[in-house]
Amino acid sequence: MANYDPASFEKKWQDEWAAKKVNAARDQSDKQKFYVLDMFPYPSGAGLHVGHPLGYIASDIYSRYKRLQGFNVLHPMGYDAFGLPAEQYAIQTGQHPAVTTKENIARYREQLDKIGFSFDWDREVQTCDPNYYKWTQWIFLQLFDSWYNPANKKAEAINTLIAQLEMEGYKGNEDEALTGGFEIEIPAFTAAEWKNFSAAKKEEFLLNFRLAYLSETFVNWCPALGTVLANEEVKDGVSERGGHPVERKKMKQWSLRITAYSERLLEGLERIDWSASIKETQRNWIGKSEGCSIEFSIDGSQEKIEVFTTRPDTIFGVTFLTLAPEHPLVADITPAEHRSIVSEYVEKAKNRTERERMSDVKHISGEFTGAYAIHPFTGKKVPIWVGDYVLAGYGTGAVMAVPGHDSRDHAFAKHFGIEITQVVEGNVAVDIQEDSYDAKEGKAINSDFLNGLEVKAAVKAAIKAIEEKGLGKGKTNYRLRDAIFGRQRYWGEPIPVEYNNGLPYPMREELPLVLPEIDKFLPTEDGDPPLARAKDWKYETTTMPGWAGSSWYFLRYMDPKNNTSFASKDALNYWQNVDLYVGGSEHATGHLLYARFWMKFLYDLGLVPVDEPFKKLINQGMIQGYSAVVNKVPLLEKYTLYISNELAAEWKKKDEIPAFLQAEFEKHGVQNVSVNHIIEERIDINLVKGDYELDVESFKHSFHFEKGGEFIQEGKSFQVAREVEKMSKRWYNVVNPDDICNKYGADTLRMYEMFLGPIEMAKPWNTNGIEGVYRFLGKLWKLYIGENGESLVVDDAATKDELKTLHKTIKKVKEDIENFSFNTSVSTFMIAVNELGQMKCHKREVLEPLSVILSPFAPHIAEELWSKMGNAFSVTEQTFPTHDESYLVENSFAYPISINGKTRTTIEMALDMNPDEAQALIMANDIVQKWMEGKPLKKFIFVKGRIVNVVV
RNA sequence: GCUCGGGUGGCGGAACAGGUAGACGCGCGGGACUUAAAAUCCCGUUUCCCUAAAGGAAGUACGGGUUCGAUUCCCGUCUCGAGCACCA
């Protein structure tokens, strides 16, 4: 066992750490706390691939570093265990999702253990565990029992709303003290009337305010998956998972009133250290726009049309109004002679699926209603149109069209020949008839009292005038919609609610409401969700969505076994929130938004001490697969021809069969083939040698190979193409971390994943450099251990150079960890080992601290060497050394000397030399003299410790 | 279309704060050890010119600018990626 052999000790130390609980966080501690969290995984049947641990390794390094710095570190792991895949599998096989989930978790655990993570497994949580989801249900009931009080800008018990209603009644939509400006279609009533309402009627009213509420809403219904989907689970009109079509359907649904928190979710972003891009994504998703509402009266009608606009300054540019086809007033205002054509259009537009409407943006359609509105300032008649470019669900479903300054209105006006007027003038002259001028810069023109005002001032002046005339008022709109909180599925948290006359009430029994056993994991014959199959089930039959359990799990880790509350006050006050959260950016508008929402809600109720769950967020980039692709031409009733990539690529590029290939085709009697006959087949990446060479023999024995197939290649080897794409079983490009651990050991895997590049960058998995990391660990080993396994470490005093190497390494590694620049710290270790190897350094004074600073990255080898030096367990419990600047001070520096900005030579000079002395020395130099070519010195630039520039 | 990031050798990527561009690793070339191979070690490796060596020129997507000096700052163009997208 002389050479580095990770297999001989990695398991030993993993067991030792687990047995001695070196990773356990302390509940009580005088130490400062530090909470490092990974986004917990959904345990899929495929197991972990090398992409998953990327973030875990980074957070593990940070956790171990913080422990060495003397912090009490909480670094837990668990499983987001409810979810669709286990259930789909259950439907196909009859296997209970709890069983597959358990198996998958066991597999994940085994894989995670192999990599040597310092998780505190005593705190593991699984969202499908009744002891856990009891509290998910409990939080849901708190949401049900609360409303958002706009006056106090926070959630409160619903009783405070009831108290207000008993005192003052409800003033209808205008009652912003209660509604906060949200539209609720319930007429006003007095306090006395409220008191006389039946219990059911009161309950029905309160549902409009509860933060968890039941309502009839349009949902994204996915027939193929048999469930509704959240907005962020729908991309381009199809489901994100599986790509099934999604329809708009009206259903009774549980929702959470996240919209009440729009403003606070936006504001909170200012106080957290997340990447700019995630913050931007959340801001877009919340979609705040400030503007105002304006009422237009209709010529010859009592009805009024309310529009929302962010550009009230362009009010004088309004030349028509457009209503969404779904707008309730369309039918009322359309005069008889236009009715048939308008209603025909409306029907057609309504029946277009969401998908068509979204993907077919270029096609302009609309219809004139025949009705006119009155311009509130000019009194002119403006035509009212219907158009499907206006969305029913945003604002009021009606727009005041300003074709001069809104490109969509412009396109519509141009298409139908409606008048276009310019009311804002920018710096550049534009032909407003050709293109709209959308920029929010310039001065108002043709706009009566607004003339001459800059856009910003004009907006303010317009809102003021509109409010004074009683036409409308300043208003803020958000794009964010309430979150639908129910799935027509089995494998999720039951919603602890029972019904009385169709109205929901919290269940009376004690939580948890345990998921019942059912005979089949399918909807009933009546189309009810699977839970309706359960015996004597009197509760809600939908279950909670996947994100329920993940919206608060980070709190449970603080006190995972508590039976009397979701976490104790002491634990919550000590741990507060997550200091460092590491995970993928794909959760930007889902989990990361919902978790913030729940945290703010719990904060409002005084249940947690802070209102943001994750102080700092690092997004690890995806590790992509490096798929191997063979080109083949299947010949009907004949064999398949495999074509080496250099030929196929040329063929595809020129759309012309390369001469060599043509000759081969003739040999095989192949005629009439075109580029379109080439099929690109993904094959197992293990069948490729190096980057591009197909291992033909192995390939012939694999299931990919079609019998009788022949290979055509021009060069020595048969080439495949490579494609960078998602790592996935279906592309045969998955690399399993176990295989890497078995071959090179966990430490090599850990360091190699970090060495690949900056943590947040996406990159394809490529093992090309892994040998280098393995060799580095081998060289490190040799500093400590001799050929016969004996320790080489000696107690002699280290030399100045050795100490310099050590201390600059400590300094750089510390800086790099704190900047999450793990790739450069791996380089730094390599440089240190190279230098110490050159110096043949075996000094304890150097090697002991080196093993400590390496231990966050490569804990197994660090522990092994630590122990081989005769030290007591454990390296993980040491203190991260501080570097001593005095070892790093230089007293001279090889100054690069530039002449006119080009480096010509270097001259070694003392660092304390002053510019005048330096100048004298430099000007005397032969090379400098040569380059000056006798020209006079114009300027002499001397930057201490950096550079000298001689200008002639 | 809008917003935000990127573009550096054959490859992954370094370069703190405007100061020696290409650290570290891979790959490749050469050498040592070995009967041989593996492993290990040493030397070289941006491109071009010249070359025994020395030396020189160009060079961080492209074109301009600021500066004694620009991968870094500013303006314009191209391009790749991500997010948003009839959101009024």
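A, B, ... follow the sequence lines: proteins, then strands. Residue 1 opens every chain. Reckoned from all heavy atoms, side chains included, excluding hydrogens, waters and symmetry mates. On a predicted model such as this, the values are computed, not experimentally measured, just so you know.
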Just name whichever nucleotide pairs with B/C26, Watson-Crick or G-U, keeping both distances under 3.5 Å, else none. B/G10
Could you tell me whether the side chains of A/Thr319 and A/Glu419 share a donor-acceptor contact shorter than 3.5 Å? no
Donor-acceptor check, side chain of A/Tyr895 to backbone of A/Gly945, threshold 3.5 angstrom: yes or no? yes
Spacing of CZ belonging to A/Arg311 relative to OG1 belonging to A/Thr314, to within rounding of 0.5 Å: 5.5 Å
In whole Å, what separates the C1' atom of B/C4 from that of B/U40? 49 Å
Considering Watson-Crick and G-U wobble pairs with both distances under 3.5 Å, what does B/G55 pair with? B/C49
Whichever of A/Ser898 and A/Val399 has the more 5' nearest nucleotide on RNA chain B, that residue is A/Ser898
Measure the distance from CD on A/Glu771 to C1' on B/G27 and round it to the nearest whole Å. 12 Å
With respect to the side chain of A/Phe755, which nucleotide from B/G25, B/G13, B/U20 is positioned closest? B/G25
Does any N or O in the side chain of A/Asp438 come within less than 3.5 Å of the main-chain N or O of A/Ser407, such that one atom is a donor and the other an acceptor? yes
Length of the line joining A/Arg904:CZ and B/A54:C1', which is rounded to integer Å: 15 Å
Interatomic distance where CG belongs to A/Asn284 and C1' belongs to B/C2 [whole Å]: 9 Å
Under 4.0 Å, heavy atoms only, any strand: does A/Thr310 hit a base, just the sugar-phosphate, or nothing? sugar-phosphate
Taking only N and O in the side chain of A/Asn823, is any of them less than 4.0 Å away from OP1 or OP2 of B/A14? yes
Using the P atom on both, measure B/A38 against B/G27 and round to a whole Å. 13 Å
Can you figure out which of B/A88, B/U20, B/G13 approaches the side chain of A/Met761 most closely? B/G13
Does the structure show a Watson-Crick or G-U wobble partner for B/U40, both distances under 3.5 Å? Name it, or say none. B/A32
Given 3.5 Å as the limit, does a donor-acceptor pair link the side chain of A/Asn823 with the main chain of A/Phe755, or not? no
Could you tell me how far B/C73 sits from B/G7 if I compare only their P atoms? Round to whole Å. 11 Å
Please measure how far the C1' atom in B/G13 lies from the corresponding atom in B/G25, and state the result in whole Å. 9 Å
Within this structure, what is the CG-to-P distance between A/Leu269 and B/C4, rounded to whole angstrom? 16 Å
Are the side chains of A/Phe320 and A/Trp385 in touch, meaning some heavy atoms are under 4.5 Å apart? yes
Output yes when A/Lys726 and A/Glu586 qualify as a salt bridge under the 4.0 Å nitrogen-oxygen rule, no when they do not. no
Choose from B/A58, B/G27, B/A88 the nucleotide whose nearest atom is closest to any side-chain atom of A/Lys902. B/A58
What's the verdict on side chain to side chain donor-acceptor pair (under 3.5 Å) for A/Asn733 and A/Ser627, showing C-alpha distance, side-chain angles and the deciding distance? CA-CA 5 Å; A/Asn733 61 4; A/Ser627 308; 2.9 Å; yes
Within less than 4.0 Å of OP1 or OP2 of B/G18, is there a side-chain N or O belonging to A/Arg946? no
Distance below 4.0 Å between A/Gln838 side-chain N/O and B/C42 OP1 or OP2: yes
Base, sugar-phosphate, or nothing for A/Arg283, non-hydrogen atoms under 4.0 angstrom? nothing
Atom CD of A/Glu885 and atom P of B/C16 are separated, to the nearest Å, by 18 Å
Specify the separation, in whole Å, of atom OH of A/Tyr752 and atom C1' of B/G25. 9 Å
I want to check one thing: is the phosphate of B/G1, taken as OP1 and OP2, less than 4.0 Å away from some side-chain N or O of A/Ser407? no
Distances for protein N/O vs nucleotides 67-70 of chain B N/O pairs under 3.5 angstrom?
residue : atom : partner  : partner atom : Å
B/C68   : OP1  : A/Lys939 : NZ           : 3.4
B/C68   : O2'  : A/Asn949 : ND2          : 3.2
B/C68   : O2   : A/Asn949 : ND2          : 2.4

For a quick test of reading the model: is some side-chain N or O of A/Asn834 closer than 4.0 Å to OP1 or OP2 of B/G25? yes
P spacing across the pair B/U60 / B/C11, given as an integer number of angstrom: 16 Å
Using a 4.0 Å heavy-atom cut-off across all strands, classify A/Met400 as base, sugar-phosphate, or nothing. nothing
My understanding is that a pair needs two contacts under 3.5 Å, Watson-Crick or G-U wobble. By that rule, which nucleotide pairs with B/A15? none
Assigned partner base of B/C2, Watson-Crick or wobble definition, under 3.5 Å: B/G83
Report the glycosidic orientation of B/G44: syn if within 90° of 0, anti in every other case. anti
What is the distance from CD1 of A/Ile770 to P of B/C26, rounded to the nearest Å? 12 Å
B/G65 and B/A70, which share atom name C1', separated by this distance in whole Å: 11 Å
How long is the line joining CD of A/Glu787 and C1' of B/C33, in whole Å? 13 Å
Taking the P atom in each of B/U79 and B/C24, what is the distance between them to the nearest angstrom? 36 Å
Distance-only polar pair, side chains of A/Thr259 and A/Tyr478, donor-acceptor under 3.5 Å: no
Under 3.5 Å side-chain donor-acceptor pair for A/Lys779 and A/Asn834: yes
For A/Trp931, report the nucleic acid contact type (base, sugar-phosphate, nothing); a contact means any heavy atom under 4.0 Å. sugar-phosphate
When rounded to the nearest Å, what value does the distance between P atoms of B/U47 and B/C42 take? 23 Å
Okay, side chain of A/Lys279, backbone of A/Leu269: is any donor-acceptor separation there less than 3.5 Å? yes
Can you tell me the pairing partner of B/U72 across any strand shown, Watson-Crick or G-U wobble, with both distances under 3.5 angstrom? none
Residue met sooner reading RNA chain B from 5', once A/Val943 and A/Thr281 are mapped to nucleotides: A/Val943
Under 4.0 Å, heavy atoms only, any strand: does A/Lys779 hit a base, just the sugar-phosphate, or nothing? sugar-phosphate
